[in-house]
Every structure is written in structure tokens, then in C-alpha cells.
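Indexing begins at 1, ligand by ligand and atom by atom, following the structure's order. Being a predicted model, the structure only gives us computed values, none of them experimental.
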Amino acid sequence: MMTKAYGAQAGDLPLGPLDITRRAPGADDVQIDIAYCGICHSDLHQVRSEWAGTRYPCVPGHEIVGRVSATGRAVTGFAIGDLVGVGCLVDSCQQCEECDAGLENYCDQAVGTYNAPTPDAPGHTLGGYAERIVVHQRFVLRIRHPEAQLAAVAPLLCAGITTWSPLRHWRVGPGHTVGVVGIGGLGHMAIKLAHALGAHVVAFTTSEMKRAAATALGADAVVVSTNSSEMEAQARRFDFILDTVAAAHDLNPFFVLLKRDGTMALVGAPPTPHTAPSAFGFIMKRRSLAGSLIGGIPETQEMLDFCAERGIVADIELIRADQINAAYERMLKGDVKYRFVIDNASLRDQRTEDG
Ligand code: NAP
Ligand code: ZN
């Protein structure tokens, strides 16, 4: 089916309108008319080929929400009209140890929502900057928030689950002191979720102007990380630190803030390496450095339901598709509170270059 989309033909070109095709729904497929799609910093890394291996045309977008518009004959859990979401995954092998554990994100054959090999044209997956998408039912999430919140739910599908999964894995809760480094799309969700899980939350930012806003998100304290005396005052206070920063930086000043047996988990994925903590940083307090990749489908549903029960959504700025390139530039400057979300209805007004 012809579908209007927005994407790039090469890493050094801006995004623009594209016509793409979506497969007709197979037996296990759910077709979704996309209402909104969030803009993740991973979209920018990939579309500009900052990570190796971007395939073009590249249509990014993995924070997808909308309504079911068709279902295959074997689809049981979804009906036309349901409010649903799709995150960073659209398929996996569905039979390995990781898939059996509900951690499809770690399946060796996991299929990303965009830029992953697929039998469908053009040979790689195309994401949510599009009017519609067709996804295997296992990878479709149910949205229980009120429809009025739908645009602000979109970022939960990546920023939400990418921060929820490590917070849960490292059992963050009451009595824990948690640091969140970087207050962007991921970081602002980490603050909200860690606060809702009952932890004492300290936000670390390079932006003095985000200080007040971080408190409003649920941070109990805010530290401007370029201020060394503010940093030193936090020494050995943290059980867990989540680093969401999109650029390479020195991990040492944060790592030494962990208590004995504390863990720092990286979710930010800059294209170049960080400066690693010194051996003594690990040895002296038996600290750990770890990483985490998005999350599995069951835990994504758990996070969505947790957020729906508590009225948690992202703080967003809604834009039209023709504002995506400008939004990327603002995201690079940290000038967004805290997630851009595309109103996909605006794609219908777009014209491709040939008509
Ligand atoms: P974002 O909205 O751009 O936020 C990143 C934040 O990092 C900024 O708001 C800024 O916070 C901080 N920062 C400090 N120095 C920076 C610099 N030189 N350049 C850019 N940011 C800087 O990005 P996001 O969407 O939250 O994504 C963050 C990172 O996570 C990206 O690398 C993305 O690819 C990655 N990611 C990983 C996963 C995973 O599964 N592990 C999933 C999604 C995204 P302050 O102004 O507060 O300092
Ligand atoms: Zn993402």
C-alpha cells in the first residue's frame, strides 16, 4: 500500500517527503494508522549515518502510536480501532532463549523498526515518520492512557522503556539514591520513572537553565555537572546512575559518585567512545559499569500500564513533518523540553518532489 513518509536519501541530505510501500497485513500482522511519532536522538544518529551501516532511503521513527486499521486472520489481541503503540522492534526469531524470556531486544535476529533487513521493499525496515505501519502482533503494545494524551504517550515507546528497563533490572525503588545524567528525551523520562518508583532522584545536567525544570520533573536535587564543587558534594552517595548522554564524555566524575557496590549503566549511545573510569574507580568500592538496550515486549507493556495508572507521559513539543530538520538541529543544542513528537496527520499534506 502506498504510504506517505518523511526520510532521507543520504546521510548528508536533509529529510524530505517520500512515498513508500507497506506490505498487506499477513496472518499475524496488525496494520496501524500512525497518529504521532516521537523523535529520538537515535533517529538523528542513524539518519546521518553516525553509527555504521545506515541503509537509504532511511525513514526513522520508533516511538509510534496510533489506531489499528486492519488485522490479519491469526491476530487475537487487537481489533480495528484499538489504540496501540510500536517501539524499536517489529520482529525477532521468537524462539531463542532471549525471546522466550521476553527479552526480544537481545535476540540476535531482532528486527529494528527501521534500518533492519526485511523481505519487504526496499529490503530494509522503514519507521514511524509515515502514515501507517504493518507489524507482527507480538510487537504491538496496548495503550490504556486516555486518547487526549496520545501524543505525549509516544515517547514512552523508546525513551520510556529504555529507562524503565534498567531501573527495574537494577531494582531501583524506595531507599535508593539514583542519578540521571543528561536531561533530554531519555533523561526526563528516567527522572519521572525513578521518582514514581520511589527513589531519591538526583539529575545531572550541563545546562544551568534546566535546573528548575528538572525539579518539576520529579528530581529531588539537581547538579550542574560542569561545576566541580557541586559534583564533589555528591561523592559516594549513589546506588545507581543512569547515563543518557548522546555524546562521548569522561565517565570518571560520575563513576566516583557511586557507593560501594553501586552500578552505573550506560544507555546513551554516542558514535565515539567515552573516557572509561580508571581501574581504581572500579576497585576501591567494587563498582560496576554496565549498559542496557531498550527493553523487551512484556516489560514495555508493564511500563505503559504503570504510566497509564499514574498518568505519566512525556513532556513534548508537537511539530509538523516539515519541521523535523529544524527539530534535529534544536535537539543537538539541547533545546527541547524534552521530546519532539510529529503530528503524522501533517504527512497527508506533504507533496513528494514528483507530485
Ligand atoms: P537527547 O534528547 O538529545 O538528550 C541527550 C542529553 O544529553 C541532552 O539533553 C543533554 O542533556 C546531554 N548532553 C550533554 N552533552 C551533550 C552533547 N555534547 N551532545 C548531546 N547531548 C549532550 O537524546 P535522547 O533521545 O535522550 O537519547 C540519548 C542517547 O541515548 C542517544 O545517544 C541515543 O541514541 C541513545 N539511546 C539509546 C537507547 C538504548 O537502547 N540504549 C535507546 C534510545 C536512545 P543536558 O542538557 O541535561 O546536559
Ligand atoms: Zn529511541
Crowded around [X] [atom1]? As in, over 12 foreign heavy atoms under 6.0 Å?
X: Arg144; atom1: CZ; value: yes
X: Asp261; atom1: CG; value: yes
X: His195; atom1: NE2; value: no

Is the shortest N/O to N/O distance between [X] and ligand 1 below 3.5 Å?
X: Ala247; answer: no
X: Cys40; answer: no
X: Gly185; answer: yes
X: Val245; answer: no
X: Leu293; answer: no

Any side-chain donor paired with an acceptor under 3.5 Å for [X] and [Y]?
X: Asp43; Y: Tyr114; value: yes
X: Asn227; Y: Ser229; value: yes
X: Arg132; Y: Thr3; value: yes
X: Asn325; Y: Glu329; value: no
X: His274; Y: Asp243; value: no

Taking 4.0 angstrom as the limit and counting only heavy atoms of [X], give me the atoms of ligand 1 inside it, by number and element.
X: Thr206; result: 14 (C), 45 (P), 46 (O), 47 (O), 48 (O)
X: Arg339; result: 24 (P), 25 (O)
X: Ser207; result: 45 (P), 46 (O)
X: Val267; result: 30 (O), 35 (C), 36 (N), 37 (C), 38 (C), 39 (C), 41 (N)
X: Cys158; result: 42 (C), 43 (C)

* If the plane angle is over 60° it's perpendicular, under 30° parallel, otherwise tilted; pick one for His136 and Phe139. => perpendicular
* Could you go through the side chain to side chain contact (heavy atoms under 4.5 Å, CB included) check for Asp315 and Lys337 one step at a time? => CA-CA 6 Å; Asp315 288 18; Lys337 287 196 175 118; 5.6 Å; no
* To do: Report yes or no: does a heavy atom of Trp51 sit under 4.0 Å from some atom of ligand 1?
  => yes
* **Ser292 and ligand 1 - part of the residue with a heavy-atom distance under 4.0 Å** => backbone
* Asked: Is it the side chain (CB and beyond), the backbone, both or neither of His249 that lies under 4.0 Å from ligand 1, heavy atoms counted?
  -> neither
* What angle sits at the Zn ion (ligand 2) between SG of Cys158 and SG of Cys40, to 10°? -> 130°
Have a look at [options] and point out the one with the heavy atom closest to [atom].
atom: atom 45 (P) of ligand 1; options: Thr205, Thr162, Leu186, Val180; answer: Thr205
atom: atom 33 (C) of ligand 1; options: Ser42, Ala246, Gly182; answer: Ser42
atom: atom 5 (C) of ligand 1; options: Leu332, Asp335, Ile161, Thr244; answer: Thr244
atom: atom 8 (C) of ligand 1; options: Lys210, Met331, His41; answer: Lys210

* Checking Arg310 against Phe306: charged group under 6.0 Å from the ring centre and within 45 degrees of the axis? ->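 Yes; both conditions hold, so Arg310 lies above the ring face of Phe306.
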* Could you state the interatomic distance from CD (Gln234) to CG (Leu257), rounded to the nearest 0.5 Å? ->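 That separation rounds to 7.0 Å.
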* Asked: Has His41 got an N, O or S atom lying less than 2.8 Å from the Zn ion (ligand 2)?
  -> no
